[in-house]
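Worksheet: the structure to be examined is printed underneath.
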Amino acid sequence: VAFNRTQKTRIIELLCAVGVTDAEVGYPAVSDEERRTISCIARESFPIRLHALCRLSRRDIDSALECGVSHLTVFVPTGRSAREALFGSLQLEGGIDTIRELVGYAVSQGAIVKFSCEHASQHWRGDPGLFSAYVAAYETGASTVSIPDTAGILLTDEVPLLLQKMRQHLTCDISVH
């Protein structure tokens, strides 16, 4: 689903009216129009923390910050082909230095970073590198880590187990979606 500027602005207004504190407003790397929309919404000074979605790349981070948002959701792929393309390795642990470098860069530019491993709910049992990635992001300045369950595969009794395992490694805020 792609919302235009008017629709996104109205959604933010409604979220503010019911007391929502944070909202992801867009993905600046998508298009020039998306960047203009995010910039316009950021200039409105809504009483809500606006987040922009970014891949783990300096270009995406810079693009989001140029839009005027201070909160970034930086994500890293966990799928096999995307991981190999980004890190030159199938192992997430192979990208730890990249995670440290780019999360650190975003923080050094004044961003408040939420770090997310794409499809983490599908990989948390079999990939120790997943937890290393979250720890690296947290140690480099991410204030929140996010566990996406986009595919909706986490079972109810697995959620506490996953969160307990995350708490063994992290003391920062953890979000789940």
Side-chain angles (χ1 to χ4, degrees), residues 1-79 82-83 85-86 98-123 133-134 136-138 140-154 159 162-163 166 170 172-177:
V1 175
F3 296 109
N4 65 34
R5 183 181 310 175
T6 302
Q7 292 167 321
K8 284 187 179 199
T9 301
R10 182 66 182 139
I11 291 168
I12 296 297
E13 290 169 347
L14 293 169
L15 292 172
C16 290
V18 297
V20 171
T21 59
D22 291 75
E24 202 163 89
V25 71
Y27 189 178
V30 168
S31 68
D32 290 338
E33 181 58 31
E34 182 76 348
R35 283 187 291 284
R36 284 190 294 273
T37 295
I38 294 167
S39 296
C40 285
I41 292 170
R43 283 194 301 270
E44 292 288 327
S45 300
F46 287 108
I48 191 170
R49 288 183 292 267
L50 299 173
H51 296 250
L53 187 63
C54 304
R55 292 171 294 200
L56 187 66
S57 81
R58 189 176 291 250
R59 184 176 173 187
D60 276 22
I61 291 165
D62 289 341
S63 180
L65 292 172
E66 288 168 7
C67 291
V69 297
S70 58
H71 291 69
L72 306 181
T73 299
V74 177
F75 73 93
V76 63
T78 57
R83 188 185 305 185
L86 181 62
T98 303
I99 291 167
R100 289 185 187 283
E101 174 193 343
L102 291 170
V103 170
Y105 171 72
V107 170
S108 76
Q109 300 303 303
I112 298 166
V113 175
K114 175 169 58 173
F115 179 79
S116 179
C117 289
E118 186 178 54
H119 306 298
S121 64
Q122 296 173 28
H123 303 283
Y134 280 119
Y138 169 63
T140 314
S143 61
T144 304
V145 297
S146 177
I147 304 166
D149 186 28
T150 310
I153 65 163
L154 272 178
V159 175
L162 174 54
L163 292 174
M166 293 295 285
L170 302 163
C172 63
D173 290 340
I174 299 173
S175 73
V176 179
H177 93 256

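Any value given below was found using the heavy atoms of this structure, including those in side chains, with hydrogens, waters and symmetry copies removed.
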- prompt: Does the side chain of Thr98 come within less than 4.5 Å of Val76's, by heavy atoms?
  reply: no

query: Which pair of heavy atoms, one from Val107 and one from Thr140, lies closest together, and at what distance?
result: CG2-O, 4.1 Å

statement: The reported gap from CG in Leu15 to CD1 in Ile48 (rounded to nearest 0.5 angstrom) is 5.0 Å

- line: Distance col, row Cys16:SG vs Ile11:CD1, nearest 0.5 angstrom, shows 12.0 Å

message: Between Tyr134 and Ser146 (side chain of the first, backbone of the second, donor and acceptor by atom type, cut-off under 3.5 Å), is there such a pair?
response: yes

- request: Please tell me if the side chains of Leu162 and Leu154 come closer than 4.5 Å, counting only heavy atoms from C-beta onward.
  value: yes

- prompt: Would you say the side-chain atoms of Glu66 pair up with the backbone N or O of Ser63, donor to acceptor, closer than 3.5 Å?
  reply: no

field: Trace of the side chain to side chain contact (heavy atoms under 4.5 Å, CB included) decision for Arg58 with Glu101
entry: CA-CA 9 Å; Arg58 189 176 291 250; Glu101 174 193 343; 3.9 Å; yes

query: Asp22: what forms a salt bridge (Lys or Arg N to Asp or Glu O under 4.0 Å) with it, not counting sequence neighbours?
result: Arg49

- prompt: Tell me the ring-ring contact (aromatic ring centres under 6.0 Å, His included) pairs involving residues 28-69, sequence neighbours left out?
  reply: His51-His71

- prompt: Which heavy-atom pair separates Ala106 from Leu72 by the least distance, and what is that distance?
  reply: CB-CD1, 4.1 Å

Rounded distance (nearest 0.5 Å) linking atom SG of Cys172 with atom CE of Met166: 7.0 Å

- prompt: Can you tell me how far the SG atom of Cys54 sits from the CD1 atom of Ile61, to the nearest 0.5 Å?
  reply: 6.0 Å

In residues 24-32, what donor-acceptor pairs under 3.5 Å come from side-chain atoms, sequence neighbours left out?
| unit_1 | atom_1 | unit_2 | atom_2 | d |
| --- | --- | --- | --- | --- |
| Glu24 | OE2 | Thr73 | OG1 | 3.2 |
| Ser31 | OG | Glu33 | N | 3.4 |
| Ser31 | OG | Glu34 | N | 3.0 |
| Asp32 | OD1 | Arg35 | NH2 | 2.1 |

- request: Mind checking the CZ-OG1 spacing from Arg5 to Thr37? Nearest 0.5 Å is all I need.
  value: 4.5 Å

- line: Gln7 and Ala2 have their tightest heavy-atom pair at OE1-O, 4.2 Å

- request: Would you sort out whether Ile12 and Ile41 count as a side chain to side chain contact (heavy atoms under 4.5 Å, CB included), showing the intermediate values?
  value: CA-CA 8 Å; Ile12 296 297; Ile41 292 170; 4.3 Å; yes

- request: Count the heavy atoms of every other residue, nucleotide or ligand shown that sit under 6.0 Å from CZ of Arg59, and state whether that count exceeds 12.
  value: no

message: Once rounded to the nearest 0.5 Å, what's the spacing between atom CD1 of Ile147 and atom CD1 of Ile174?
response: 5.5 Å

- prompt: Looking only at heavy atoms, what is the nearest atom pair of Phe115 and Ala142, with distance?
  reply: CB-CB, 4.1 Å

